[in-house]
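Everything on this sheet refers to the single structure shown next.
Convention: sequence-line order gives letters A, B, ...; per-chain numbering from 1. Values below: all heavy atoms of this structure, side chains included; hydrogens, waters and symmetry mates excluded.
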Amino acid sequence: MLKVQSLNVSYGDLQILWDVSFEVKEGEIVVLLGGNGAGKSTSLKTISSLVKPMSGTVEFLGVKLNEVPSHKVIDYGLAHVPEGRRLFPDMSVEENLILGSLTSKARAKRKETLEWLYEMFPRLKERQKQPAGTLSGGEQQMAAIARGLMSLPKLVMFDEPSLGLAPIMVSEIFKIVEKVNQQGATVLLVEQNVHHTLAMCDRAYVLENGRIVLSGTGEEFLNNDHIKEAYLGI
Amino acid sequence: MEVFLQTLVAGVLKGGLYALIGIGMTLIMGVMGIINLAHGQFMMVAMYVTYTLFHFLGIDPYFTLLISMPSLFVLGILIQKYLLNPLMKVDSILPENQVLMTVGIAMVLTEIARFIFSSNYLSVKTSYSSSAFYVGGISFSVALTIAFGIALLLTFGLFWFLIKTDLGRSIRAVSQDGEAAELMGVDSEKIKMITMGIGAALVAAAGTLLLPIYYLFPDIGGPFTRKAFVITILGGLGSTVGAIFGGVTLGLAESFGATYIGMDFEDMVGLVIFLLVLLFIPGGFRRLTKV
């Protein structure tokens with residue numbers, strides 16, 4: 001479904017990604033693991049065409065996304081829930097959600113999608129008129145996920161959805177990610193939270209210093225010595 | 001008391017027009033993150049459009065709104081597309097340098113106007129230019145009252161557009177988080193062009209509405225750019241509701257200054273208020289209204 005091939009990305013003179021390749025198949029949950037500064041967010045930004053690669057391609061359902069302007073990416077059914085949630089802080093929760101459904105397909109179903117999401121996130125329904133900037137961290141993350149789902153995506157990319165949340169909220173967010181997957185969307189998840197993600201994913205890749213150093217299924221990873229040492233602290 | 005009320009009325013009416021000038025600049029400030037120092041010059045261009053239509057075709061100044069606003073909308077879009085957006089694509093150029101570009105645009109517009117119309121003072125005299133009606137002993141200038149009414153309509157229309165339509169929401173989204181807006185499918189470059197167009201069209205309306213009671217010469221843009229700047233700061237940078245307060249405050253300050261201190265001190269009083277606001281409520285009126 002999504003095929004990333006030998007990406008090289010740099011900001012100015014500083015190269016961030018080195019020959020990064022990975023693949024996400026339809027229906028999967030794929031996790032991209034890595035520490036701070038490993039290039040996880042840059043990978044997602046490159047897929048979303050916010051960052052243009054020096055070389056390499058991003059192919060989604062046969063379309064070369066790296067040749068598409070960033071605001072067109074969502075038209076192909078790819079939603080990006082960005083790091084740090086990036087809601088529009090002065091707008092109400094509902095307006096934030098509405099802004100997730102600007103594509104013509106999503107706009108036609110805006111009302112039903114809103115209802116569906118309010119059912120899935122009752123907390124957001126309670127807060128629909130409240131400015132997004134006044135929500136708690138967990139609620140903001142829910143709003144950001146809901147905003148991403150408003151476009152009725154085929155693939156959703158989550159960039160560290162557990163960042164800065166209380167442990168109880170972290171489990172809830174991961175449950176939501178699984179639910180999104182069960183309801184038919186393919187998931188590409190970027191995380192540092194190894195415990196939770198390896199248990200729920202189909203496959204995983206490890207990114208270190210801008211290079212993919214490992215790939216395999218979640219189970220293989222849980223038994224891998226390098227992973228144990230570097231990420232699980234065992 | 002009568003003098004006081006009269007001054008108040010004059011100040012509020014003028015303030016409505018100032019609000020229109022300030023809202024345009026505020027929108028541009030919010031979306032582009034820059035102060036448009038050609039704002040008053042946009043107004044000057046619109047005034048010359050109105051003057052030309054009135055003088056050569058005999059069209060009533062208020063009807064020329066239908067031409068001056070769209071022409072400035074297009075001018076704003078072209079300037080954003082070909083002069084300002086390209087500056088952002090070059091990494092080594094600071095975004096702030098767009099401000100310098102607007103200064104250049106202001107100078108070029110002024111000199112073009114001088115080239116075509118010379119430096120002479122021009123005016124548009126209509127039957128209602130100096131007529132007034134009275135309510136309880138207080139006189140309302142007909143032209144200024146009509147101008148205030150249209151300014152009010154345009155302001156409400158703009159707010160409706162910003163709050164209720166997808167395009168309006170996209171404009172607000174870009175001003176709050178441009179990259180997140182891109183992810184939602186908003187073409188931020190297009191939004192910037194449209195915003196510059198709307199800002200220019202609003203200030204064009206103010207210029208056209210002001211012309212029957214004002215005069216016109218090529219350098220009139222400068223003082224109005226300064227006024228727009230003051231209003232934007234008074235309102236708290238980037239707050240459209242604040243800009244309305246800022247506009248009315250400046251109108252009142254000038255009006256009271258002219259009545260109680262002297263005609264020559266009109267502008268000075270406005271600037272003194274500006275300094276006081278900077279000193280005591282540095283966030284502008286946005287700090288008070290929270291909108």
*Which one, Arg85(A), Met150(A), Arg110(A), leads in non-hydrogen pairs under 4.5 Å with chain B?*
Arg110(A)
*For the atom pair CZ (Arg86(A)) and CD (Gln176(B)), what is the distance rounded to the nearest 0.5 Å?*
12.5 Å
_Over 12 foreign heavy atoms within 6.0 Å of CZ, Phe156(B)_ = no
*Which members of residues 49-76 of chain A, sorted by number, sit under 4.5 angstrom from chain B on a heavy-atom basis?*
Leu50(A), Ser70(A), His71(A), Ile74(A)
_Quick check for you: among Ser188(B), Ser175(B), Ala181(B), which has the greatest number of heavy-atom pairs under 4.5 Å with chain A?_
Ala181(B)
*Has Glu26(A) got more than 12 heavy atoms of other residues, nucleotides or ligands less than 6.0 Å from its CD?*
no
_Region of Leu78(A) in contact with chain B, defined by heavy-atom distances below 4.5 Å_ = neither
_Between Pro82(A), Gly100(A), Pro89(A), Ser48(A), who has the most heavy-atom pairs with chain B when the cutoff is under 4.5 Å?_
Pro89(A)
*Nearest-0.5 Å distance that lies between atom CG in Asn96(A) and atom CG in Asp177(B)*: 10.0 Å
*Does atom CG of Asp19(A) have more than 12 heavy-atom neighbours from other groups under 6.0 Å away?*
yes
*Where does Arg107(A) contact chain B at under 4.5 Å (heavy atoms): side chain, backbone, both or neither?*
side chain
*To the nearest 0.5 Å, how far apart are CD in Glu182(B) and NZ in Lys45(A)?*
12.5 Å
*Between Arg169(B) and Met91(A), what is the shortest heavy-atom contact and its length?*
O-CE, 3.7 Å
*Side chain, backbone, both or neither: which part of Ser170(B) has an atom under 4.5 Å from a heavy atom of chain A?*
both
*What's the spacing between Leu183(B) CG and Leu99(A) CG if we round to 0.5 Å?*
12.0 Å
_Test side-chain contact (heavy atoms from CB on, under 4.5 Å) applied to Asp166(B) and Ile98(A), step by step_ = CA-CA 8 Å; Asp166(B) 274 4; Ile98(A) 288 174; 4.1 Å; yes
